[in-house]
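Remember, predicted model here, so these are calculated numbers, not experimental data.
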Amino acid sequence: MAIKRIMTGTGINTQANKTPVAEQSRVNVRSLNEECGIFGVWGRSDAAQLTYYGLHALQHRGQEGAGIVSNREGHLWQERGLGLLSDVFRDPSRIDALQGNSAIGHVRYATAGSHGIENIQPLMANFHDMQISLAHNGNLTNALTLREKLEEEGAIFQSSADSEILLHLIRRSKASTFVDKLKASLNVLRGGFAYLLLTPHGLFAALDPHAFRPFVVGQMPDGQYIVTSETAALDVVGAKFLRDVQPGELLIIDDSGLTIDHYTDKTTLNIDAMEYIYFARPDSSIYGVNVHQARKRMGAALAAEQPVKDADIVVGVPNSSLSAAAGFAEATGLPNEMGLVKNQYIARTFIEPTQDKRERAVRMKLSAVRDVVRGQNVVLVDDSIVRGTTSMFIVRMLKEAGAKSVHVRIASPTFKFPSFYGIDMQTTKELMGANHSLAEMTKMIEADSLGFLSVDGLVSAINLPYYGEGTGLTTAYFDGHYPSPIYDYQAGLAAFEARHEVDFAPEPTSTYHPHQVRSLRNQDILADGTVHLDAQPIMGGER
């Protein structure tokens with residue numbers, strides 16, 4: 001199947017870039033936020049089954065609900081439900097009902113107040129002249145303003161998810177073609193988004209102008225294209241990785257192949273550092289950087305910056321901190337012990353939707369290995385501290401198991417500021433690091449000492465081979481430097497802005513080019529329509 005790249009004719013609607021300013025009362029509304037996993041395929045007779053396998057590899061990105069929409073001879077069919085993917089599709093007849101040669105799927109992480117079936121994606125819209133299905137990973141920072149405007153114009157929303165806004169914008173667009181309607185609508189949106197849209201005639205993928213969320217393209221041995229959140233999902237279905245979707249791109253996949261278009265040429269690169277720290281699977285790679293190896297480097301940097309005198313063993317918090325713990329242990333020569341065991345059938349506590357569920361889940365999820373930690377000075381390596389509840393219970397658990405001391409080392413910087421691009425942290429009130437000193441946090445989690453990785457140490461450890469303005473990463477949660485305005489949420493940080501603790505970069509006015517990332521130079525589309533894939537990374541330092 002051929003690949004085409006469209007370099008001109010971005011279809012940018014300049015009027016759409018004028019975003020209304022939100023009122024202060026609209027900030028810090030949690031019900032529209034989500035961090036999810038998406039998967040799409042075109043041209044496979046087993047499209048729904050393949051999508052199920054791909055979503056299974058992305059289950060860590062959301063356990064609140066799951067859904068698949070398939071295209072059968074020009075008609076879209078939907079199956080979705082609450083719970084894990086395996087629960088939603090426990091009855092084989094639900095997959096059997098999704099016949100067709102293309103499909104998109106979604107696993108959802110919901111925030112408080114938005115747990116209904118109506119918010120489970122992919123969403124469906126049935127118009128008199130066409131059907132559209134949509135799956136979204138991210139968070140729109142101007143969603144409340146857009147929703148209010150659309151409702152005043154007569155739009156009737158079926159969900160509380162910000163994802164639905166795009167469907168309404170597309171339908172109201174005055175552009176003549178669907179692609180132009182989609183481009184104009186995408187240019188109205190702000191914040192973080194990776195979108196998959198399925199119509200009877202094609203599969204469409206779009207990434208926000210900052211590339212906050214990971215998004216990749218792969219190809220099956222028979223030539224069919226896959227677009228999904230992480231490379232690990234490509235590996236599971238047997239697809240070959242082709243390229244990272246780039247900021248501002250609109251990919252169109254249909255029976256003629258893959259067309260790479262753009263809805264805007266005003267782009268930057270600001271990958272969310274939390275993907276490397278916590279969210280992505282260790283076997284995934286984002287912009288050429290393997291997540292496991294990045295986490296090992298974080299652990300080694302942490303050992304150099306925050307050493308522990310007279311430590312006996314290193315214990316990582318399963319599972320996302322095991323790579324960092326390995327790096328810490330290798331750097332110090334300490335034994336890397338399995339002092340904590342995880343019940344693999346318990347969902348990740350960070351993305352449980354309510355605080356009481358998080359607390360109950362900790363003891364269900366983890367148990368200490370007494371014979372390993374008894375009488376030992378333990379270095380406990382974790383990937384982050386957000387609210388602190390989990391850390392307190394783990395420290396207490398290790399000491400109850402006989403640990404002589406527990407020194408907590410965090411392989412990321414201190415969370416001081418909220419996230420608005422797709423993670424459930426939209427107020428400073430819930431962030432321990434925003435409200436307490438290091439000594440206070442140490443006491444609160446009942447640790448003998450506490451240390452964090454520096455922002456510079458994090459950026460160096462991720463080691464994104466980027467040669468452009470900034471670091472290519474979003475580290476706003478740690479240093480207050482937001483790579484874009486945050487629109488509906490900006491009033492919520494007014495006090496921090498007045499004290500010069502946070503700042504907001506303007507929306508991009510120039511064009512980021514993939515050649516600014518050295519590891520992407522082996523993803524070029526050649527004149528013959530093929531993607532140049534070099535088995536060895538290109539290590540030249542030329543700009």
Side-chain angles (χ1 to χ4, degrees), residues 13 16-36 109-111 113-114 119 134 136-151 157 159-169 185-195 206-213 215 247-248 263-264 266-275 279 415 417-428 430-431 470 473-477 479-497 502-509:
N13 183 338
N17 290 326
K18 298 180 179 179
T19 306
V21 178
E23 298 173 5
Q24 292 187 15
S25 61
R26 298 178 191 163
V27 301
N28 295 332
V29 177
R30 297 161 55 95
S31 62
L32 299 180
N33 186 33
E34 54 192 15
E35 169 70 45
C36 309
Y109 150 52
T111 57
S114 57
N119 289 314
L134 173 152
H136 170 215
N137 173 27
N139 183 59
L140 304 181
T141 52
N142 64 339
L144 299 174
T145 296
L146 291 175
R147 184 177 180 121
E148 181 178 297
K149 182 176 184 292
L150 288 165
E151 287 180 350
F157 283 78
S159 73
S160 63
D162 58 352
S163 311
E164 189 180 350
I165 288 170
L166 182 57
L167 294 173
H168 291 273
L169 292 173
S185 301
L186 290 168
N187 274 289
V188 177
L189 306 179
R190 298 292 181 267
F193 57 84
Y195 274 112
L207 185 62
D208 70 75
H210 298 272
F212 290 122
R213 306 263 67 87
F215 214 20
Y263 66 88
T264 181
K266 303 299 185 288
T267 55
T268 61
L269 187 66
N270 300 109
I271 307 165
D272 194 328
M274 277 298 289
E275 293 288 350
F279 276 110
F415 268 104
F417 304 104
S419 165
F420 303 99
Y421 306 120
I423 302 172
D424 184 17
M425 295 180 295
Q426 293 185 2
T427 71
T428 56
E430 60 191 313
L431 301 178
L473 300 167
T474 295
T475 55
Y477 330 121
D479 58 21
H481 300 311
Y482 288 88
S484 71
I486 54 174
Y487 301 99
D488 292 343
Y489 304 101
Q490 195 131 351
L493 294 184
F496 296 94
E497 188 175 12
V502 303
D503 54 66
F504 307 93
E507 294 292 357
T509 56

**OP:** Assess the side chains of Y421 and S484: does a donor N or O sit below 3.5 Å from an acceptor N or O?
**Re:** yes
Original post:
Quick one: does D162's side chain have a donor or acceptor within less than 3.5 Å of a partner on R147's backbone?
Top reply: no
**OP:** State which residues pass salt bridge (charged side-chain N to carboxylate O under 4.0 Å, His left out) with E164; sequence neighbours excluded, sorted by chain then number.
**Re:** none
Subject >> Salt bridge present between R213 and E275 (N-O < 4.0 angstrom) >> reply: yes
Subject >> Y487 side chain reached by L146 side chain, heavy atoms, under 4.5 Å >> reply: no
**OP:** Mind checking the OH-SG spacing from Y109 to C36? Nearest 0.5 Å is all I need.
**Re:** 9.5 Å
Original post:
Do I165 and V188 come within less than 4.5 Å of each other through their side chains, counting heavy atoms only?
Top reply: no
Original post:
Roughly how far, to the nearest 0.5 Å, is the CG atom of L169 from the CG atom of L189?
Top reply: 6.0 Å
Original post:
Under the side chain to side chain donor-acceptor pair (under 3.5 Å) test, which residues partner D208, sequence neighbours left out?
Top reply: none
Original post:
Heavy-atom distance under 4.5 Å between the side chains of T264 and L186, does that happen here?
Top reply: no
Original post:
T475: what forms a side chain to side chain donor-acceptor pair (under 3.5 Å) with it, not counting sequence neighbours?
Top reply: D479
Subject >> Side-chain heavy atoms of Q490 within contact of P485, under 4.5 Å >> reply: yes
**OP:** First locate atom NE2 of H136, then atom CG of L167, and finally report the distance between them rounded to the nearest 0.5 Å.
**Re:** 11.5 Å
**OP:** Would you please test L166 and L134 for side chain to side chain contact (heavy atoms under 4.5 Å, CB included) and show each step?
**Re:** CA-CA 9 Å; L166 182 57; L134 173 152; 3.7 Å; yes
Original post:
Taking the six-membered ring for Trp, are F504 and Y482 parallel (under 30°), tilted (30 to 60°) or perpendicular (over 60°)?
Top reply: parallel
**OP:** Check salt bridge (charged side-chain N to carboxylate O under 4.0 Å, His left out) between E497 and all other residues, then give those that pass, not counting sequence neighbours.
**Re:** none
Original post:
Would you say the side-chain atoms of N137 pair up with the backbone N or O of A194, donor to acceptor, closer than 3.5 Å?
Top reply: no
**OP:** Evaluate the side-chain proximity of F212 to P483: yes if any heavy-atom separation is below 4.5 Å, no if none is.
**Re:** yes
Original post:
Going by the angle between their ring planes, with limits at 30° and 60°, are Y195 and F193 parallel, tilted or perpendicular?
Top reply: tilted
Original post:
Is a side-chain donor-acceptor pair under 3.5 Å present for S160 with N119?
Top reply: yes
Subject >> D488 and T145 side chains, donor-acceptor separation under 3.5 Å >> reply: yes
Subject >> Under the ring pair (Phe, Tyr, Trp, His ring centres under 6.0 Å) test, residues paired with F215 that sit two or more places apart >> reply: none
**OP:** Could you pull out the closest heavy-atom pair between F157 and L150, with the gap in Å?
**Re:** CZ-CD1, 3.9 Å
Original post:
To the nearest 0.5 Å, what is the distance between CD1 (I486) and CZ (F420)?
Top reply: 4.0 Å
**OP:** Compare every heavy atom of T268 with every heavy atom of P508, then report the nearest pair and how far apart it is.
**Re:** CB-CG2, 3.5 Å
Original post:
Without hydrogens or angle criteria, can the side chains of N142 and Y489 be said to hold a donor-acceptor pair below 3.5 Å?
Top reply: no
**OP:** Taking all non-hydrogen atoms of both residues into account, name the closest pair between P247 and P209 and its distance.
**Re:** CB-O, 3.3 Å
Subject >> Listed partners of F417 passing ring pair (Phe, Tyr, Trp, His ring centres under 6.0 Å), at least two apart >> reply: F496
Original post:
Which distance, rounded to the nearest 0.5 Å, do you find between the NE2 of H481 and the CG of L473?
Top reply: 13.5 Å
Original post:
Between Y263 (side chain) and L207 (backbone), is there a donor-acceptor pair under 3.5 Å?
Top reply: yes
**OP:** Using modelled atom types only, decide if a donor and an acceptor are shared between the side chain of T474 and the backbone of A476 within a distance under 3.5 Å.
**Re:** no
